[in-house]
Every structure is written in C-alpha cells, then in structure tokens.
Amino acid sequence: MNINVNLNLSFGEALEVLKAVHEKYIDIKVFFAECENEEDTIGLSTPEELKALYNNLLKQMKQESSMFDLLDFIK
C-alpha cells in the first residue's frame with residue numbers, strides 16, 4: 001500500500017526529514033544486527049520499513065523538485 005503525503009516543506013526542511021529518517025534507518029539496522037534477543041525488537045520499526053519510508057519520501061520529493069536528483073535511494 002502506498003500513501004502519498006503532501007507535507008509542503010521547504011527544500012531545507014525536506015532534507016532534514018530525509019536526514020532524520022536515514023539516520024534512524026542506520027541506527028535501527030545496527031541495533032537489529034547486534035540484537036541477540038528478538039523480544040527487544042518488538043514494537044520497533046524494522047530496517048526494511050524505514051528503508052521503504054525513506055525511498056518513498058525521496059521518490060515523491062524527486063517528482064516535485066530536481067534538487068533532490070543527487071540523492072540516492074537506499075538499496
């Protein structure tokens with residue numbers, strides 16, 4: 001399911017949102033890799049969910065402005 005969100009952000013604000021989601025993705029990816037107890041991950045966003053969120057937001061931002069063309073999707 002894809003949900004398009006219209007946030008009406010400035011370029012700088014949009015970059016901050018992408019930066020925050022990307023940082024959270026990196027943190028949670030490391031946490032999941034190091035976590036030995038599956039119960040500790042209950043209720044947390046998974047790296048896959050944050051990756052999908054980041055890529056979806058970036059896709060929408062690239063459609064709105066060519067200034068985002070230099071940013072890459074998370075693979």
Side-chain angles (χ1 to χ4, degrees):
M1 171 175 60
N2 284 335
I3 299 173
N4 292 322
V5 178
N6 185 0
L7 298 175
N8 291 323
L9 301 173
S10 70
F11 178 73
E13 292 168 331
L15 281 177
E16 287 298 316
V17 168
L18 286 173
K19 180 181 171 186
V21 173
H22 191 269
E23 287 175 355
K24 183 69 174 176
Y25 165 75
I26 296 298
D27 291 344
I28 206 74
K29 186 176 174 183
V30 169
F31 177 77
F32 269 67
E34 295 176 352
C35 185
E36 296 177 7
N37 185 357
E38 189 174 324
E39 290 181 5
D40 292 340
T41 64
I42 294 173
L44 297 177
S45 296
T46 65
E48 293 78 17
E49 291 169 333
L50 290 171
K51 174 181 157 181
L53 173 62
Y54 176 89
N55 287 341
N56 191 4
L57 288 171
L58 182 56
K59 178 182 174 185
Q60 291 178 47
M61 291 175 185
K62 284 183 176 214
Q63 290 172 347
E64 293 296 319
S65 174
S66 63
M67 293 194 300
F68 293 98
D69 287 345
L70 295 176
L71 298 176
D72 292 325
F73 293 104
I74 298 174
K75 297 179 181 165

Reported OG1-to-CZ distance for the pair Thr41 and Phe32, which is rounded to 0.5 angstrom: 4.5 Å

field: Distance in Å, Ile28 CD1 paired with Lys51 NZ, rounded so as to fall on 0.5 Å steps
entry: 15.5 Å

query: What pair of heavy atoms forms the shortest contact from Phe31 to Leu44, and how long is it?
result: CE2-CD1, 3.5 Å

message: Taking atom NZ as the centre, does Lys29 end up with more than 12 heavy-atom neighbours from other residues, nucleotides or ligands that are less than 6.0 angstrom away?
response: no

- prompt: What distance separates Leu57 CG from Lys62 NZ, expressed to the nearest 0.5 Å?
  reply: 13.0 Å

Return all side-chain donor-acceptor pairs below 3.5 angstrom for residues 66-75, not counting sequence neighbours, or 'none' if the list is empty.
none

Using a 3.5 Å cut-off and no angle test, enumerate the donor-acceptor pairs between side-chain atoms of residues 14-27 and protein atoms at least two apart in sequence or in another chain.
none

- prompt: Nearest 0.5 Å, what's the CD-CD distance between Glu36 and Glu34?
  reply: 9.5 Å

message: Could you check whether atom CD of Glu64 has more than 12 heavy atoms from other residues, nucleotides or ligands sitting under 6.0 Å from it?
response: no

- request: Might you confirm whether atom CD of Glu38 has over 12 heavy atoms from other residues, nucleotides or ligands at distances under 6.0 Å?
  value: no

